[in-house]
Each structure stands twice: as structure tokens, then as C-alpha cells.
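First the structure, in the form of C-alpha cells, and then the observations on it.
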Amino acid sequence: MELFRYAMSVYGQDQLLGANWDLIWWFGGAAAIYIVVDAACRPFLGKNKRKTLVNAPNDGATVRRHHLIDRLYHWAMAISVLTLIGTSFAPILDWKFEWVTAHWIAGVSLSLLVVYHIIRAAFWQDIWAMIVTPADFRVAFATARAALGRPDEAPLKPGKYVLLQKAYHWMIAALVLGLMVTGLTMWLKIDTPFWNRNPYILGDDMWGLVYTVHDFCAMSVLALTMIHVYFAIRPDKWWQNRSMFSGDIARKDYFAHHDVTRWAPDDV
Amino acid sequence: MAYKLIGKNFTPPDLIAKVTGSAKYAEDFRADGMAFCKLILSPMPHGVVKKIDDSEAKKVKGYLGMITADDVPQFPPPADPILTNEPMHVGAPIAAVAAETEAIAAECVEKIKVTIEPLPFTVDPLDSLYPQGPDARSNGNVANVRLKLQTVKWEASDFAAAGDNKLPMGKPAEEWHYGDLEQGFKDAKVIIEESFVTAGYSHHSLEPRSAMAFWQGGKCVIHVSSQSQSFIVPGLARYIGIKPEDVLLVAEYCGGGFGSKGTEYPICSVPAHLSKKFSRPVMMRISRGEEYALGSARPGFQGYAKLGFREDGKMTAADIYVIQENGPHMGFWDFRNAGEATSFMYQPLNMRWRGISVLTNTPPRGPQRGPGENQTAAALEPLIDKAARQLGIDRVAIRKLNAPDNNAKVGEERESVTSSYHKDALDIGAEKFGWAERIKKSGQRKGSKVTGVGVGGAFHPAGANGFDGIVRITPDGKLHIHTGVGNLGTFSYAGTARIAAEVLGYNWDNVVIERGDMRKGLPWNLGQFGSNTSFTMARTNYVAAVNAKQKLLEIAAKDLGGAPDDYDLADEKVVSKADPAKSMTFAKAAQRAIELGGAYSGAETPAEINPITKGAVAMMAGTGLVGVAKDTLPKKGMVTTSTAAFVEIELDVETGSVTIVDALGVADCGTIIHPQNLAHQVKSGMVMGFGMAKTERHVYDPKLGIPANVGYYQTKPPSYLDVPVSLSGGGVDKPDPQSPMGTKGMGEPPLGASAAAVLSAISDALGGQIFNRTPVTQDHIINALAKQPQAHKPLQVNSV
Amino acid sequence: MIVKDVMPNFDLFQPKQLKDAFAILDKFGKDAWKMAGGNDSLAWFKDRAKRPKVVVDISGIAELKGVKETSDGGIEIGALTTLTELSKNPIVRAKYRVLADAASKVASPQIRNTGTLGGNAAQDARCWYYRYGLPCYRAGGNTCFADTPEGVNREHALFDTDRCVTVNPSDTAPALVALDAKFVVRGSKGERVLSAEQFFIGPKIDITHLTSIKPEEILVSIRIPKDWAGARFYFEKAAERNSWDFAMVNVAAAIVVSNGVVERSRIVCGAVSATPKRLPAVEDSIKGKALGDDIAKVAGQTATRGARPLNYNKYKIPLMANLVTRAVRDATA
């Protein structure tokens, strides 16, 4: 399996063009395998639940997990990413349509959203909620033990996000930043009111790198998005995922799944 | 004087083979065990080869190996290399691969890894002359024949003074003048001052320069596509690295050369080198794209002309500056010819010429039909029109007033001419074309089409001297005329052979022309280029025939009694003047010559002839009566030829399309040897002129240094449908006094004259607008008609 | 190293039946190359710029040749009908002259003798950078060499560019669009009948192809409806040479006049965008009007609205305007 696409450059040298698009099937396949394995194994795992210290009543009381503005952000981002995925991979897989305009508009939208998100996360949100700490690893370890039927005596619970969620966030963040930087660089290849297209601003090798990074990031995002959607639609995660619609999780679930010392929402 | 053969149409002996397809060109030859060559060509405009790795090719079955620059003779820069480690244009040959088949050779080239480090390059002489500008070579940016390789940068102030629209004129590499230029302009009523560009472009020889070689008894038999025969042998020997006598050059047919195959060229030695290395005959087939890259091309000009005219139209002063785009190597001296051509065609009272030959990373240059003279015609003739308009003088009249005649002077040295009848050419042409009537149609519009009428003229030197002739009469009575001039395809080798037959009174059916293969015994002759053959070869064939005639008379006197003067030649017999019954056939005389030996049979040769001629005579000694002599006839002044061309066009003002509806050319060609052939030469030159005026040019992407035009459909030589059916050509038919039968060359000027006439007609149709550029392509005309700026800058070259 | 002008080896198939051709195409998929007259294909192979493993020479398939009248009053032209045949065909000459005229202006007599209508209409781009073998968008690369600050783009597009600025170089394509032709493409899985808008595609939709024919499909025929039979027609190709040249701009028009005014028309320019450029605004501008110089002039000006010239092709704007003016002014029955 070739990892890259090459062409003969103007001067007859091998020139890197980007990733081999056949890898789409490998990335997609890897995500699909992960999903299938996860879905298959889950019924057998975690039957031995950890004990809960606070048994909050199932009284319909809720805790705010995501503010409206953050939900709007998430869904705007989701639309951008899905548009980007659709407009890039469908034509490659031989579904021809006018994809470029939608793709770059979605790309620019995503970029603006990312900038907004960085600023909001840095100044208005609890950035520490997303920072990976040693405690996250202890929780993850404990969770894994629990899943394998060896619960700890002392219950360990995560803050707002578990390690895997944080890892997913940072992976997506890195990939999207990679896509943004390379995608915006490609913008130099089209005429805008601010500049005229000039592909010679970078050399062949550099452009090859830009496209390769973009391609691999894109295929990775495709795989991670598949996994994300999978978790989003799993019924056992609904207690949490509903908050991306309503903003809230049940107070009961808050106590059941989170360490109140590590995540204290305003309304608790 | 009435001739038996001269001035009559005939069928040249190679014509039937060409028409039937039995003619064998270099590519048509095969030899037992023949291998094929494919070249490794530079993909980039300038670089240094760091490494050539053929390890992958070695794994291919049928790969024989390769040669690189290190395996072939090297010549001091800026000579055109055979193979190079510093490629200076896209398509420069770096190495040559030999394999069992061409397909395998190509596959191997693909597998050979050549590491080339890119170097700065340029496709515009002005960029190279600019301070700190790129140089086409790592060792200089200015060179030409007799102009040493050097680096020249002009001052930024030279460019600033000129601005965008005028030629910057820094220090020239060469210059000359005569008279008082300043005074000349003071005496002028009208001064025309313009900068111009003439595009460089390819030769389009139908036969690319394929070659095949093998070694036999220490000698190299080499089949090449060549205009010339014996003249290229010494140079070819140098490229192969052997003695001239060891080169057995076979070049019977040439599918067009137009100057690009006039002298030896390096690439044709490659199969000889490969053949030597691998002990196999090797065929190298050159493709069209390769021909465009490593064949030859006409240099382009960026120029400036300031011309002063008296009230009556006489040119009082001419100031010419030419920057020649010369490709990366030695090139050719077109820029000098611009000065010579100006001085001849207009006989200006005072004149200055300045020029510089700048190197660019574009195809190597060489002479193309009227090198320099024809660019000059295309650049200056529109300016003569402009002056005529301003002075209110007829365009033919102003040309006639300035035209050269037998008292004309040429160039810096004010050299005299052997003859010039350009005024007659203008008169005959104007009369035949109906100039006076046609110009009444000038500017008339019918629908969207406007009629334009144009006239143009161009010049070229037309002959040389000092070469050798051989004729031989064999005991079967046949006359063998040995000609080493070559066969460009103009048939002048045959036309001038008839001079010898004429001297001896031969019936043409009894004449055999020996040519095309050095093994046939061919004398040292000038190459077939420079419009010279009909003068130079007329003289050598003449002196050889006179020598044979003398020997015939002597043999008759020996056998039949009396003195040689008592005899004359008639009906292929030596006949006593006093008693016509007393005679000896040429056949018998040939037999006697063999018996007599010595100079008669070629056993002895005159001291003054060239070693190549001596070798040729030695090959045939004892086979008949041999006439051999060096042309030592008197010659003073420059032999000149010129053509006047007349063109009528229709210019469609809605599409910018130019249709040539009628065209005529009249050449000052001395005595006409072969009227039909003369007409073809004039017409074919004019067709090339249509291309120069309308479509042909190099185009380069300036950022990448790669050529846009690599196929016929892109280079756009005129097609059959772009030529008017009524196109006709003829000659003045006045003898040149220094040619034995008055003949002289004429091949080159029809091109420039016709290009100039087309430009003149376009300008006429547009009410006097001139473009100062060749070619004037359809988009230029559309832009002009739409009154929108041209896409190119005025002095931009290698552009559309 | 780059080597050109020697054709690499490939497996050659020469099916005589369409179904055999489909079987071969299905078997080899994207590795197969369909060749009709070969005028373009062989040049690509010779330059080693396109290197299929398998070449399917369809020129021997008899059912794809010839012109026949259809039951609905139009004609159906086999894709392998040569341009020479087409230009001389009496039905085409009598009813759809614009197509015969266009076919007779293609390339040179030799090329018209072997070149086919299908091959001409579906031909590949002629951008010199692309033909040079450079890794441009159209060749699957990441850039356009023609649309750069100093790019040499005299032959390139005025309209509808998207990264790639090449034009559709065909002479017959505009004539076919003017006649509202339908393109019948067939594969083993079935047949599609495409309108010109569906058949010709620009870089926005597929930057590596000028038509929507799929690898496993063959353009089998072109149907001309009877709607434009006997209309006033005009075809003109502006090119620098009268033979063996591509159009700088060409124009094809079909105009139906009744009661002295234009009832309907289709006016199309070629070599100005990656698809034959139909000019609905021009058609609209002349509808219901009596043809004359003034209307023709307005039509020309209308035609070039929205043109975005590149470095070297601004001349195409007045040229296109004038050609459209002529088409409207000089179209004859």
C-alpha cells in the first residue's frame, strides 16, 4: 500500500502530491473496526459497577453541563466538519458535484469558530476542565480495572471530562489546527480581493508537504468523526449526550458519574 | 547569350525518388546488429549535473550502456557541446543511452536518475543585461562567433533612461559607423525612431536530425541529415575525434535544413561515439520535440532604429542597435548582418550600427534562411512605410530611390558589389503585380474585410569562391559531375551541375551527378547555405569543365594531330575546326585519358586543390578523363541578392484575421538557371515569410523556463490553406559579371521580403498602424482594433 | 529522467462488438483507455504522459458508425462517424448545417478522415502546460501553471474557471450544444442520455475531465432533435491558421425566425470556458426582435458580460463579442 501520491515535477523529479486516497478506506475501516469491537465488547464490560457515595434522588433535577453558546458552537462546528468531510471525500469517491465553494466556506467558518473557541476557552471557560492531569490517568486506570471486574475500594471518578474525551478533544484540536494552517495556505492559490493567486509562493516540496498534512489530517478527522458519532448515538451515553441538545444532565447522573471536587457546576 | 541547358526547366535526378518515397533519409538506413539510442535531455533551463546513476537501467534486459559528457570530445566555451554537464536549456543533451530497441532505450532513460542542481536562468536578454541579472551560463552572458564569452551588465541608468517602451542602449559589444550620423539626421526632413522586437523561432525542418553510424576498417560511416556534404567533414571529424579522411559521410537527401544543417552540428556525432563504445551500428532518431529543443533556431532581436529621410525620400542617416537573443552557446552573427543589411538595402548616406549578442536559456541558435537580414527586413520595412506616409511618397518609389544598384556599397568597409538589380526587381514586381492599380484598393472595406497592399525587400550575400570542382568522362561517354556541395533540397546542386554540362556541350541525358556519399569521390566544396551555391558551384563546376575541355582538346591533338586550339567540342565529340570529319568521341577520349594517365586520368592532381579533393580524385583515378580544378577566377566585391515582394491581404476587422489573397516575389538572381525551380524557391521562401510575419515564435514560461511550443500545431508554420493559390515567383534574369554564366544565389531574401510585405500590408489595412514586432499575431491585431493594450510589454520576448 | 516520443507498451484490445468492449472496460476499470480515431490518444501515449495498461481501440465497432434518421424526426449520429463523413453527409448538410460546417473546420483533412465526432466532442484539454506533462490539477496535481502571475495563457478561459483555466477546444461541441444534442453513453450496466449541461463538465465538478463519461462507459451516439432542423445557422472558428489549428474562439448559432422576428435561438461559444459556453442572455436579448445590425451588436456586448481575462487572453473579449455579433447578424438558413 502506497502512503503517498507522487507526480513527476516540472523538472522531472519525483514530487510529493499528497496522501494516497486509497487510504480513506484504511482510515474509515480502522474507525469502523474500533466501533464494532467497542460495541461488541461493551455488553461484557463494566458490569461490576463502582459504588456511589452520594445517591441523589432521581427527581428530575438537572445540572448544567453545556451553556447555550457552547452548544451552538459545537453544532456549528459539527456542521462545518461534516460539510468539509462530505465535500472532500464524496468527490474523491466519485460522487461529482461542485464541491470547492462549499468546502472553502466551511473551512473558513471552522477556522473562525476555532479562533472563537480558543478565545472563549482561554478567558471565559474553565480551561482546566480540558487539561489532562495525573488524576485523569488514575481515574482511567480505575475505570479500566472496574471494567475488567476489579473495582477499587475507594471510588475514583472524573471531573467534567474523562481522559478519553480529553484525548479526543486534543487530537481533534491538533488535526483541525493542521487542517486550518494547511487549508488557509491553500487559499493563496485562489484569487481574492486581497491577493492574486500565486502558487510559486512555496516550492514544490513545501506544497507537497502542505497537501500531505492536509490529506492525512482530513482522513484522521474522518475516522475520529465516525467514532465520535458512534459514541454520540450510543444509548448508554445518552445521559451525557443529551446535554449537547438541552444543555443539562440529570443531577443524579452528575453525582453518579463525576467527582464533585473536580467539577462543580454553578448550579450544584 | 543562348544556352543549351541554362535557363531551361528540367527534372533534377533526385526528384523522382522523393516523390515516390524511395529516397532514403538518414533514419531509413539499417545495418546488421543495429542498436538504438535515446538521449537524456535536460528538463530544466539551467543546472549542473551532479550525478548520473544508471544502476536501475542496468537491470533492464537489452540495455547496452550510456555515454556522458565525459566520454565525448569537449570544446572551449561557448561552443555547442555534444553532451554537457551544465545543461543550459530545456532539452540540452546530457547523456545518450544505447539499447537493443528504441523502446528499451526509452525505458532505460526513465530509470536513470540524474541529479541536477538548478542554476539561475533567463529567457530575456534585457533581464540578463540588467545589473545583477541572471546569466545563461555560469561563465558569462555575452558571446558569439568572433565575440568572446564574457559577462556584461549595463547600468541601471541605461534602463531608467529608456523606460518601458524604448530599447535600453548600454555599451554595445561591437559597433561601426561611416559618414556623419549627426549631420545625416540634421539633413533629414522626417525622422522615424522606433524600438522593435523580432521573435526567435524554430526551423521546422521536416526531417529531424536523426543519424546512424557504424565503423568499418577504422573509418566511420555516418548517415546524417545535412544540407552540406564535404564542407562539414572536417568539423564532423572533430566531433567524432578522428581525422577528416576517416569520415565517410552519407547525406544523399536532406528533409529541409534552412540553415540549421548547413555546417556540422554536435548531436549527430552521438551515434558514432556509441557505435565505437559498443561495437554496434547505432541509430539515433530525433523526434519533433527534440528537434525543437536541440536543433537550431533563429535568434530574436530586441532592436532600435532611427532613420532620417530627405524630402525626396532618400535615407540620410540610419542608426541601428540590435540586442540579439543568442541562446546559450555560440549561436550565429545575425546581429552583425542587421547592420550589413541596412547599409545595403537603403544605401543610407550616413550610418551607425551597434550590437550585442546576449545568451539566454533557450534553444541554441544558428543561421536560419536570411540570418539577421530577414529579421532586419521585417523590422525596418514597416518604418520605411511610415516615412513614405509622412513624406507623401509612394511606398515602392521610396524603396526604389534608396535601392542598391551596381554601384552599391555594403557595410562598414563600404565594400563594392558584383552586381545588384534590386531596382529592376521592384520595377518588374510592381509591373507584374499591378502596384499602381492595387494601391487604389488600399484601405477599402467590403463587409468586415479591409484590403491592405504591401511591399517589402530583403537582401543576402550570394556567393563565394575558392573551392574545387571535379568532372569525369568515363569510357561509356557519360559525364560524371562530382559535387560535394550537398543537397539541401533546393536542387541547386543539379542546376549548377548543368554549368559543367553546358561548357562541354553535353546532352543532359548523358550526365550523371555524383553526390551524397564521400565514397563516390566528392570534392571540397562550400556547404549549401548562405544563398551561395548558384554562384560558388557555378564557378567550381565551370573551372572543372574547362579543365576537362582542355584535356579533351589535348588528347584529340595528340591522337589526331595538330594543336589543341585546332579543335572544338560538338555533340559529345572533339571535332577538328578545319575538318569536321576528323573527330574523336568523348568516350574514346576518356579511354585514351586512362591510357595516358597523369593529370588526364586523375593519377596526378593540381597542387592547389584541397586534400579532400585530392582524396576524391585518388578514388576515381584511372576510371576516365578527370577534369579537376580550383576556382581561381577573379572575384571583387560582395556577391549580393535581393528580393522584392508584393502582397495583398484582406484584414477582417471583426476577427483580426489576415488572409493573404495574392503575393508575388521577384529575385535579383543573376542569370536564371532553372526557371521552375527559381519560382519554387521564391515561393517557398515567401511562405516561410508568411510564418515569420504572422505566427511563428518561441514562447516560454518565464518562471519555469520551459517552452510552450513543442509541436507543429503549436509552432504554427503556415499551412497550405494559408497560402494564396496565385502566389508566384520569378527573377530579374540579369547576369552577374563575376559568375561564368551570370548565375548567383537567391534563396534567402524571399523570406524576409515577404514577411516585410505582409507587415506592410497589415499596416496599410490598419491605416498606417505599425506593431514594431514579429510576428504580428491575430490577438495583437484584435487588441489594436479594440483599442485595448497589448498583453505583452513592448520589448518583451519569448512571449505571445 | 523524463523521456518523450517513444510509446510505452500496453495491451491492445480491438473489439468488434460493443458488448465485448464493455466486458473489457468492466474488467480493467480505470486501467483501460478508450481510443477511437487515435489522434489525441496516440500523442498522449507517445509523450508517455498518459500510460494506460490497456488500450481499447473501439474504432472497429461498426454499430457506432453512421448517421440515421430517427422516428421522432431527428437524427442519431454514431460516435465513430468520422468528421469527414459528417461534413459531407447530405442530411446533416440539409438540416443541421452548423454541425457539418463545424466538422469541416476541425484540424486538417487527414485528421478529419480519422477523427470521429465522439472523439472530437469529448476531446481533452489543450492547455500547453497540461500537454507538456506537468503535474497540474487536470493531471491530478495540486496547482495550475497557466493561471500564475506570469503564466502564458493566451489560449485559456474567460469564464467559469475554478483553479484550472483550460478551455474546451472542440469545434463540434458548440455546434452540438446549439442543436440541443443529447449524448448517449452506455456501459454494461445501462444507458444514460445526457443533455449538454450534463455531458460537458467544468473544473468545478471534475477538474480532471471535460466530460462526465465514466471509465466503464462509451459515448455511443449523439442525438439531434428535430427542433432546430432547417433553422438559420452560423458557425465560425477564429484561428490563426486555416488548417490544423485550434480555435481562439468559435461560435455556433441556431436561430429560428418566424414572422420576421426571432422565435427562439441557441448561441454557443467554444474555447472560452471549460465547457461550450451557451449564452442564454444573448438568446434572450434577441428573442422577439427583428434581426439587424443593432440587435447583433447588443448581442455581442451581452455575450462577454462577466468575462474575467487572464494575463494574455483579453483579446478574446472583443473577439467573442464580434463573433457573436456576426452569428446573430449573418446566420442564414
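Each chain gets a letter, A, B and so on, in the order its sequence line appears, and its residues count up from 1. Everything numeric in this text was worked out from a predicted model, so none of it was measured.
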Open item on the list: With a 3.5 Å distance limit and no angle check, can you tell me whether C:Arg241 reaches the backbone of B:Asp722 through a side-chain donor-acceptor pair?
Closed with: no
Open item on the list: Shorter than 4.5 Å, heavy atoms on both sides: which option in C:Val3, C:Asp47, C:Asp245, C:Ile2 has the most such pairs with chain B?
Closed with: C:Val3
Open item on the list: Does any part of the side chain of C:Val152, heavy atoms only, come nearer than 4.5 Å to the side chain of B:Pro702, both counted from C-beta?
Closed with: yes
Open item on the list: So for C:Met248, is it side chain, backbone, both, or neither that comes closer than 4.5 Å to the heavy atoms of chain B?
Closed with: side chain
Task: Which portion of B:Gln714 sits near chain C, non-hydrogen atoms under 4.5 angstrom - done: side chain
Open item on the list: Tell me which of these, B:Ile116, B:Thr695, B:Val109, B:Ile40, has more heavy-atom pairs under 4.5 Å with chain C than the rest.
Closed with: B:Val109
TODO: Report the distance from atom NE2 of B:His792 to atom CG of C:Asn311, rounding to the nearest 0.5 Å.
DONE: 13.5 Å
TODO: Give, as side chain, backbone, both or neither, the part of B:Val723 having an atom under 4.5 angstrom from any heavy atom of chain C.
DONE: neither
Task: Part of B:Asp652 lying under 4.5 Å from any heavy atom of chain C - done: side chain
- [ ] Heavy atoms only, distances under 4.5 angstrom: which of C:Thr325, C:Asp5, C:Ile317 has the most pairs with chain B? Name it, please.
- [x] C:Asp5
Open item on the list: For C:Arg51, I'd like to know if atom CZ has over 12 heavy atoms of other residues, nucleotides or ligands within 6.0 Å.
Closed with: yes
TODO: Show your reasoning for whether side-chain hydrogen bond (donor to acceptor under 3.5 Å, both in side chains) applies to C:Asn242 and B:Tyr720.
DONE: CA-CA 8 Å; C:Asn242 288 315; B:Tyr720 191 72; over 6 Å; no
TODO: Find out whether C:Met1 and B:Pro43 are in side-chain contact, i.e. whether some heavy atom of one side chain is under 4.5 Å from a heavy atom of the other.
DONE: yes
- [ ] Examine whether an atom of B:Leu704 lies under 4.5 Å from a heavy atom of chain C, and if so say whether it belongs to the side chain, the backbone or both; otherwise answer neither.
- [x] side chain
Task: B:Ser657 side, atom OG; C:Lys237 side, atom NZ - distance, nearest 0.5 Å - done: 12.5 Å
- [ ] Count the heavy atoms belonging to other residues, nucleotides or ligands that lie under 6.0 Å from CG of C:Asp294, then report whether that count exceeds 12.
- [x] no
Open item on the list: Once rounded to the nearest 0.5 Å, what's the spacing between atom OH of C:Tyr315 and atom OG1 of B:Thr777?
Closed with: 8.5 Å
Task: Passing option when C:Tyr312 is tested against B:Asp779, B:Val699, B:Val800 for side chain to side chain contact (heavy atoms under 4.5 Å, CB included) - done: B:Val800
Open item on the list: Give the interface residues of residues 139-147 of chain C toward chain B, defined by a heavy-atom separation under 4.5 Å.
Closed with: C:Phe145
Task: Interchain contact, C:Lys314 with chain B, by part (heavy-atom threshold 4.5 Å) - done: both
Open item on the list: Counting heavy-atom pairs closer than 4.5 Å to chain C, which one of B:Gln788, B:Lys703, B:Glu102 comes out on top?
Closed with: B:Gln788
Task: Pair B:Glu110 + C:Arg48, salt bridge at N-O below 4.0 Å - done: yes
Open item on the list: Rounded at 0.5 Å granularity, tell me how far NZ in B:Lys38 sits from NZ in C:Lys4.
Closed with: 11.0 Å
Task: Proximal component of C:Leu323, with respect to chain B [non-hydrogen, under 4.5 Å] - done: side chain
Open item on the list: Tell me whether C:Asn322 contacts the main-chain N or O of B:Thr655 through its side chain, where contact means a donor paired with an acceptor under 3.5 Å.
Closed with: no
Task: Contact origin within B:Val658 toward chain C - heavy atom pairs under 4.5 Å - done: neither
TODO: May I ask you to test the B:Asp701-C:Trp128 pair for a side-chain heavy-atom distance under 4.5 Å?
DONE: yes
Task: Under-4.0 Å salt bridge between C:Glu240 and B:Lys694 - done: no
Open item on the list: What part of B:Pro775 gets within 4.5 angstrom of chain C, counting heavy atoms only: side chain, backbone, both, or neither?
Closed with: neither
Task: Under 4.5 Å from any heavy atom of chain C - which part of B:Ala786 - done: side chain
Task: Residue C:Ala239 versus chain B: region with a heavy atom under 4.5 Å - done: backbone
Open item on the list: Is it the case that atom NZ in C:Lys50 sees more than 12 heavy atoms from other parts of the structure closer than 6.0 Å?
Closed with: yes
Task: Contacting moiety of B:Glu56, where chain C heavy atoms sit under 4.5 Å - done: neither
Open item on the list: Please identify, among C:Lys46, C:Arg126, C:Met7, the residue contributing the most non-hydrogen atom pairs under 4.5 Å to chain B.
Closed with: C:Arg126
